[in-house]
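Small disclaimer: the values here were computed from a predicted structure and weren't measured. Residue numbering restarts at 1 for every chain, and letters A, B, ... go by the order of the sequence lines.
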2 protein chains.
Amino acid sequence: MLALSPVAQKFILHWGEMGTRWGINRTVAQVHALLYLSPKPLHAEEIAKTLAVARSNVSTSLRELQGWGIVRVVHVLGDRRDHFEAGKDVWEMFGTILEERKRREIDPTLRVLQECVAELESGREKDAETRGRLQAMRDFLTTMATLYEEVRRMPPGAIRGLAKLRGRMRKLLGK
Amino acid sequence: MLALSPVAQKFILHWGEMGTRWGINRTVAQVHALLYLSPKPLHAEEIAKTLAVARSNVSTSLRELQGWGIVRVVHVLGDRRDHFEAGKDVWEMFGTILEERKRREIDPTLRVLQECVAELESGREKDAETRGRLQAMRDFLTTMATLYEEVRRMPPGAIRGLAKLRGRMRKLLGK
DNA sequence: CTGTAAGTTCAGTCAATACAGAAATTACAG
DNA sequence: CTGTAATTTCTGTATTGACTGAACTTACAG
């Protein structure tokens with residue numbers, strides 16, 4: 001069992017707190033924070049002991065984190081147990097999370113909006129007001145989704161370069 | 001009381017569902033969806049009846065939505081009751097939400113990260129691994145926060161123009 | 001003032017989710 | 001095979017947070 005340094009503890013607790021605000025289970029977020037800080041892959045028991053939660057809880061959390069694609073299993077020679085490590089590149093990590101959220105939440109929402117608009121157009125309800133609003137929302141989400149995909153498709157290094165574009169972006173938009 | 005069209009109902013229910021996934025109370029999201037679709041401002045009682053929830057619940061939800069800055073009170077001549085309307089510009093709306101989330105969640109996280117890094121630098125813990133990770137996270141969030149602020153500061157029209165920049169952005173990054 | 005409508009706050013209830021511990025399953029060593 | 005370690009699944013409990021209805025406050029009309 002790792003004894004957490006006060007700093008690590010502080011970060012892990014805060015990360016867990018933030019998780020809950022974004023609809024992510026506190027333990028899941030804590031496990032992720034722990035793996036993010038850990039210099040080496042950890043096995044379930046280690047995680048459970050360190051965070052003082054049940055092994056079963058850790059098991060579920062790890063499964064979820066793998067579902068998000070930000071934690072993966074690795075194996076250590078001479079050890080039967082699964083070990084887990086978190087991606088260390090923050091840019092990559094947030095990209096992955098955005099991708100998942102898009103897939104799970106934006107895409108289904110777009111489908112619903114599409115259906116709504118279609119139903120309003122075919123049906124005899126001439127509710128122009130509602131239709132306009134739903135279309136606006138649909139167009140917005142579509143644009144965001146496309147924009148995101150473009151960004152995601154860039155080579156990892158280039159994404160980091162975005163940060164330096166601010167000045168140039170302004171000029172582009174100014175004209 | 002408004003009788004909701006099937007389409008409006010579908011959208012409102014879905015919006016509520018999405019809310020929960022992003023850490024937003026279902027009722028709050030539903031109230032927002034209803035106001036977003038409504039061609040005219042509504043008062044609390046109307047909302048409560050339409051969504052079939054308690055008035056008190058609506059009151060709380062409206063207060064929260066005002067806190068997010070995406071719903072505001074308006075008054076109707078000859079009517080003592082407060083009426084509420086949602087911002088109709090989706091770009092503006094998401095910008096406002098991002099701003100609030102930044103203020104409430106990103107900024108505090110940055111503060112914590114800053115403290116963590118500082119503590120590791122002053123203390124005799126030579127935990128370079130942890131420090132590096134926390135710094136990387138801090139730098140990432142700082143960059144994102146700054147980038148966001150730049151975008152936010154642009155005139156509303158320009159933001160919409162971002163969507164058309166994809167091709168040009170690629171070239172910029174390619175070089 | 002007084003009465004009534006509107007809006008908010010509060011305390012208790014209820015439902016959803018998180019969690020622990022046990023049982024079941026899987027994988028492997030001997 | 002058999003036994004054991006590792007992991008997952010399941011079931012019941014606990015915690016959290018959402019929601020209601022009632023009490024309370026505020027603002028105004030008469």
Side-chain angles (χ1 to χ4, degrees), chain A residues 1 12-13 15-35 40-68 71-85 104-105, chain B residues 1 12-35 41-68 71-85 104-105:
Chain A
M1 169 193 53
I12 290 168
L13 289 174
W15 205 242
E17 225 44 58
M18 285 307 103
T20 63
R21 299 242 196 166
W22 289 81
I24 291 170
N25 180 291
R26 176 178 286 111
T27 307
V28 171
Q30 286 180 352
V31 170
H32 176 251
L34 174 60
L35 289 176
K40 64 176 213 304
L42 305 176
H43 59 260
E45 174 106 10
E46 252 174 322
I47 299 171
K49 282 271 172 55
T50 307
L51 298 179
V53 295
R55 259 183 74 103
S56 55
N57 197 3
V58 171
S59 178
T60 311
S61 298
L62 286 169
R63 170 170 286 258
E64 174 137 10
L65 286 166
Q66 291 176 84
W68 282 95
V71 159
R72 67 167 179 288
V73 185
V74 295
H75 286 101
V76 174
L77 278 175
D79 195 334
R80 277 167 60 184
R81 296 168 294 187
D82 290 348
H83 288 62
F84 301 87
E85 68 178 7
R104 298 183 190 189
E105 288 132 25
Chain B
M1 168 194 50
I12 290 168
L13 290 174
H14 183 82
W15 205 242
E17 224 45 56
M18 284 308 103
T20 62
R21 299 242 196 165
W22 288 80
I24 292 171
N25 179 292
R26 176 179 285 110
T27 307
V28 171
Q30 286 180 353
V31 170
H32 177 250
L34 174 59
L35 290 175
L42 305 176
H43 58 261
E45 174 106 12
E46 253 174 320
I47 299 171
K49 282 271 173 54
T50 307
L51 298 179
V53 295
R55 257 181 76 102
S56 55
N57 198 3
V58 171
S59 178
T60 311
S61 299
L62 286 169
R63 169 171 286 259
E64 175 137 10
L65 286 166
Q66 287 173 273
W68 282 96
V71 159
R72 67 167 179 288
V73 184
V74 294
H75 285 101
V76 174
L77 278 174
D79 194 333
R80 278 168 58 187
R81 295 169 295 188
D82 290 347
H83 288 61
F84 302 87
E85 68 177 7
R104 299 184 190 187
E105 289 134 25

For the student: nearest non-hydrogen atoms of A:Glu46 and A:Thr50, plus distance: O-OG1, 2.6 Å
Please give the angle, rounded to 10 degrees, between the axes at the start and the end of the helix from C:dC1-D:dG30 to C:dG30-D:dC1, where five pairs define each axis. 10°
Side chain to side chain, B:His32 and B:Trp15, heavy atoms closer than 4.5 Å: yes
Determine, stepwise, if the pair B:Val31 / B:Leu51 fulfils side chain to side chain contact (heavy atoms under 4.5 Å, CB included). CA-CA 8 Å; B:Val31 170; B:Leu51 298 179; 3.7 Å; yes
Between A:His83 (side chain only) and A:Arg81 (backbone N and O only), is there a donor and an acceptor less than 3.5 Å apart? yes
Tested for side-chain contact (heavy atoms from CB on, under 4.5 Å) against B:Phe84, the lone hit among B:Leu42, B:Val71, B:Val74 is B:Val71
Just by distance, no angles: are the side chains of B:His43 and B:Asp82 close enough, under 3.5 Å, to form a donor-acceptor pair? no
How does protein contact run along nucleotides 4-11 of chain C, one letter per nucleotide 5' to 3', with B for base contact, S for sugar-phosphate only, - for none, heavy atoms under 4.0 Å? -BSBBB--
Would you kindly say whether B:His14 and B:Glu17 are connected by a side-chain donor-acceptor distance under 3.5 Å? no
So if I take residues 16-31 of chain B and measure heavy-atom distances to DNA chain C, which residues fall below 4.0 Å? none
Taking side chain to side chain contact (heavy atoms under 4.5 Å, CB included) as the test, write out the residues that go with A:Ile24, two or more places apart. A:Val28, A:Ala29
To the closest 0.5 Å, what do you measure between CZ (A:Arg104) and CZ (B:Arg21)? 7.5 Å
Supply the atom-to-atom distance A:Glu85 CD to A:Leu35 CG, rounded to the nearest 0.5 angstrom. 9.0 Å
Contact boundaries on DNA chain D for chain A, cut-off under 4.0 Å to non-hydrogen atoms: D:dA5 to D:dT9
I'd like a table of donor-acceptor pairs (distance under 3.5 Å, sequence neighbours excluded) in which one partner is a side-chain atom from residues 57-67 of chain B, with atom names and distances.
unit_1  : atom_1 : unit_2  : atom_2 : d
B:Thr60 : OG1    : B:Ser56 : O      : 2.9
B:Ser61 : OG     : B:Asn57 : O      : 2.9
B:Glu64 : OE2    : B:Trp68 : NE1    : 3.4

